[in-house]
Protein chains: 2
Amino acid sequence: MYTIKELQQIVSDLFQQEQFLAEPATLYEPIDYTLSLGGKRVRPLLLLASCQLFGGNLDQAKGAALGIETFHNFTLLHDDLMDQSPIRRGRPTVYRKWSPNTAILSGDTMFSLAWRYFLRQPHPLLHAILNTFNETTIEITEGQQYDMDFESRNDVTTDEYLNMIRLKTAVLLACALKLGALYANATPFNQETVYQFGIHLGLAFQLQDDLLDAYGDVATFGKQTGTDICDNKKTYLYLQALATANEQQRQTLTQLYATKPADSQAKVAQILDIYRQLDIKQSTERLIAQEFDKALHLLDQIEASPSAKQPLFDMAQQLLHRNS
Amino acid sequence: MYTIKELQQIVSDLFQQEQFLAEPATLYEPIDYTLSLGGKRVRPLLLLASCQLFGGNLDQAKGAALGIETFHNFTLLHDDLMDQSPIRRGRPTVYRKWSPNTAILSGDTMFSLAWRYFLRQPHPLLHAILNTFNETTIEITEGQQYDMDFESRNDVTTDEYLNMIRLKTAVLLACALKLGALYANATPFNQETVYQFGIHLGLAFQLQDDLLDAYGDVATFGKQTGTDICDNKKTYLYLQALATANEQQRQTLTQLYATKPADSQAKVAQILDIYRQLDIKQSTERLIAQEFDKALHLLDQIEASPSAKQPLFDMAQQLLHRNS
């Protein structure tokens with residue numbers, strides 16, 4: 001049984017051993033830049049941890065581990081371009097360092113490379129594995145679309161928001177866990193339960209991400225803080241503020257969210273001040289704790305020994321208590 | 001044995017029966033717009049014609065037929081955005097009608113939808129089928145990257161150009177034919193020969209496309225003519241002109257290809273005049289005929305009855321003698 005730290009090393013080695021450079025260099029250098037950069041590698045880690053939990057052979061699942069991370073990074077290239085995000089993991093995003101066209105095409109190639117990794121190793125359940133992966137990729141683009149649509153809508157509810165982050169973020173974590181279960185030939189009950197564990201963990205993870213965007217430290221978080229506010233993103237924080245604001249606060253919020261000033265410092269400060277008045281940090285932390293509890297309850301229900309569940313439990317704790 | 005016209009009807013019905021609209025509409029309407037628009041549906045047609053040639057069950061290959069066309073249309077959405085092409089099939093391109101972000105994300109979704117179609121029907125050779133498809137998708141992005149790189153390079157050779165269009169266009173036609181062969185459990189020799197038939201047909205097809213861009217009629221061709229010249233695309237026509245030009249013609253060509261005037265009419269006329277002086281239309285038509293002959297020779301070598309080959313022969317003729 002590998003600890004989470006040992007699994008992290010396995011995932012890190014996996015990526016170290018891969019060669020991402022090829023011809024034409026203009027296509028593959030941005031891919032190498034992205035995939036060599038690291039990041040937390042949460043999805044391959046969840047995939048292997050789940051495979052181990054259900055007694056699977058990790059070697060069989062390594063292609064999928066590489067594939068799901070490559071896919072995730074493809075979505076980041078395109079999302080950063082669509083959202084015009086300048087920084088990712090403390091470094092310039094691909095569309096900024098190269099060009100929008102590079103982000104589009106190198107991204108597309110990464111999607112195909114993800115499939116190459118998935119197809120590298122045959123498996124008796126390959127059809128179910130590929131279907132699970134592919135249906136998730138569709139949900140993720142739907143989530144990204146809702147996210148962009150929300151920017152120009154003024155009637156987004158917190159429920160709509162939670163559905164959006166379920167699609168945009170949670171389903172890929174859940175998919176990673178289910179794929180690990182499929183590689184290990186886990187029972188349908190265990191496949192579904194570990195998937196739902198991933199959904200609630202993912203919701204907690206994304207809400208935490210929103211919280212860090214508003215309250216994190218740029219040096220440890222690895223991207224600019226306050227970017228959601230600058231971009232007028234209807235995050236849970238903003239929607240919860242709207243839902244609990246008095247008339248004056250609501251007017252200030254919506255007026256500020258109708259602007260995109262070149263210097264956004266004052267805007268961010270004003271929004272954060274209203275968040276403070278309305279205890280938004282606290283209510284978001286409460287929701288995160290609720291989702292996290294649901295996740296732990298589902299982990300508890302999985303039919304496996306407590307010691308086998310320890311690495312996933314540790315990972316969940318790390319994800320919740322991260323500051324970056 | 002279906003004629004090519006009957007196969008066209010089968011392909012047309014296939015797309016008619018599909019429902020492309022879903023939620024969010026902002027994501028799926030551009031997909032419906034693109035996939036309902038038609039086009040020649042060359043790739044699914046080649047796939048089914050090849051499957052029939054080798055005695056396969058067409059019903060088994062219908063998912064792949066939908067998949068390859070959906071994939072092809074995904075590449076058009078992204079290529080049109082990257083190349084800033086305003087018109088496709090006589091109508092505004094998606095990034096123009098909606099937005100660049102829409103072209104990116106609806107395109108990404110279409111790539112996933114292509115996989116959904118491929119995964120719809122199980123097949124004993126599914127792993128080989130998916131591998132063949134996926135490796136081709138990677139070659140196509142490489143081809144598109146070379147195509148874009150050539151714009152800013154002044155030393156592109158005709159050989160490099162032919163390799164680029166092999167990757168960008170020919171391999172997908174060849175892939176369609178090989179997939180049809182795989183669905184029909186054709187021998188490895190027949191799989192490879194029909195693939196090579198597709199490569200040479202594809203080269204002839206793309207060279208024909210370049211020719212039509214310069215000499216076609218906008219009403220029948222369905223897109224603006226002269227766009228390659230406007231975009232300073234190093235087409236076979238341009239590179240062959242450079243290779244045979246005298247010093248004065250070469251200077252005019254390179255100087256004109258260093259500009260992007262708002263009104264490009266004069267530029268296009270000047271380039272076409274040099275093409276005329278150098279018999280570029282004729283030498284391109286000769287190369288098309290050569291590639292077409294190679295294709296027909298390979299079709300001849302395929303181990304099947306002449307009557308079974310007739311639909312593919314007819315299609316090849318249609319592709320060569322089209323004016324749109």
Side-chain angles (χ1 to χ4, degrees), chain A residues 22-28 71 74-75 77-79 81-84 99-123 126-150 152 164 167, chain B residues 22-28 71 74-75 77-79 81-84 99-123 126-150 152 164 167:
Chain A
E23 289 295 323
T26 39
L27 186 68
Y28 286 99
F71 168 77
F74 142 68
T75 66
L77 254 67
H78 283 194
D79 285 3
L81 169 59
M82 289 185 278
D83 302 340
Q84 303 278 295
S99 69
N101 280 1
T102 299
I104 293 170
L105 198 61
S106 293
D108 290 346
T109 309
M110 285 168 73
F111 197 178
S112 296
L113 292 176
W115 281 102
R116 180 186 277 173
Y117 285 126
F118 269 98
L119 292 167
R120 185 187 272 184
Q121 295 167 291
H123 189 279
L126 192 65
H127 191 257
I129 286 165
L130 298 180
N131 249 328
T132 298
F133 169 59
N134 192 54
E135 291 303 311
T136 302
T137 70
I138 293 171
E139 290 182 305
I140 288 165
T141 58
E142 291 172 354
Q144 170 68 3
Q145 184 69 50
Y146 282 120
D147 196 14
M148 295 195 302
D149 290 349
F150 288 178
S152 55
M164 182 277 286
L167 291 167
Chain B
E23 290 295 323
T26 39
L27 186 68
Y28 286 100
F71 168 77
F74 142 68
T75 67
L77 254 65
H78 282 193
D79 286 3
L81 170 59
M82 290 186 278
D83 302 340
Q84 303 278 294
S99 69
N101 281 359
T102 299
I104 294 171
L105 198 61
S106 293
D108 290 346
T109 308
M110 285 168 74
F111 196 177
S112 297
L113 292 176
W115 281 102
R116 180 187 277 174
Y117 285 127
F118 270 98
L119 291 167
R120 185 187 273 185
Q121 295 167 290
H123 189 278
L126 191 64
H127 191 255
I129 286 163
L130 299 179
N131 250 327
T132 298
F133 169 59
N134 191 54
E135 291 303 309
T136 302
T137 69
I138 293 172
E139 291 183 302
I140 288 164
T141 58
E142 291 172 355
Q144 169 68 3
Q145 184 68 50
Y146 282 120
D147 196 15
M148 295 195 301
D149 290 349
F150 289 178
S152 55
M164 182 277 285
L167 291 167

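First the proteins, then the strands, lettered A, B, ... as listed; each starts at 1.
No donor-acceptor contact under 3.5 angstrom links the side chains of B:D108 and A:T141, judged on distance only.
Between B:M148 and A:L105 there is a side-chain heavy-atom pair separated by less than 4.5 Å.
Residues of residues 114-123 of chain B lying under 4.5 angstrom from chain A, judged on non-hydrogen atoms, are B:W115, B:R116, B:L119 in numerical order. Contacts between residues 133-140 of chain B and chain A, counted as heavy-atom pairs separated by less than 4.5 Å, involve B:N134, B:E135, B:T137, B:I138.
When each of A:P24, A:S106, A:P100, A:S99 is scored by its heavy-atom pairs under 4.5 Å with chain B, the top score falls to A:P24.
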Criterion side chain to side chain contact (heavy atoms under 4.5 Å, CB included) on A:E142 and B:Y28, from CA distance to verdict: CA-CA 9 Å; A:E142 291 172 354; B:Y28 286 100; 2.5 Å; yes
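Scored by the side chain to side chain contact (heavy atoms under 4.5 Å, CB included) test, B:T132 finds B:C175, B:K178, B:L179, B:L182 as partners (sequence neighbours excluded). Residues meeting the salt bridge (charged side-chain N to carboxylate O under 4.0 Å, His left out) test with B:D147, sequence neighbours left out: B:K168, B:K233.
For a residue to count as touching a neighbouring chain, one of its non-hydrogen atoms must lie under 4.5 Å from one of that chain's; by this rule A:N131 touches chain B with backbone and side chain alike. Heavy-atom distances place both the backbone and the side chain of B:L130 under 4.5 Å from chain A. For a residue to count as touching a neighbouring chain, one of its non-hydrogen atoms must lie under 4.5 Å from one of that chain's; by this rule B:N101 touches chain A with backbone and side chain alike.
Going from atom OG1 of B:T102 over to atom CD of A:Q145 covers 6.0 Å, rounded to the nearest 0.5 Å.
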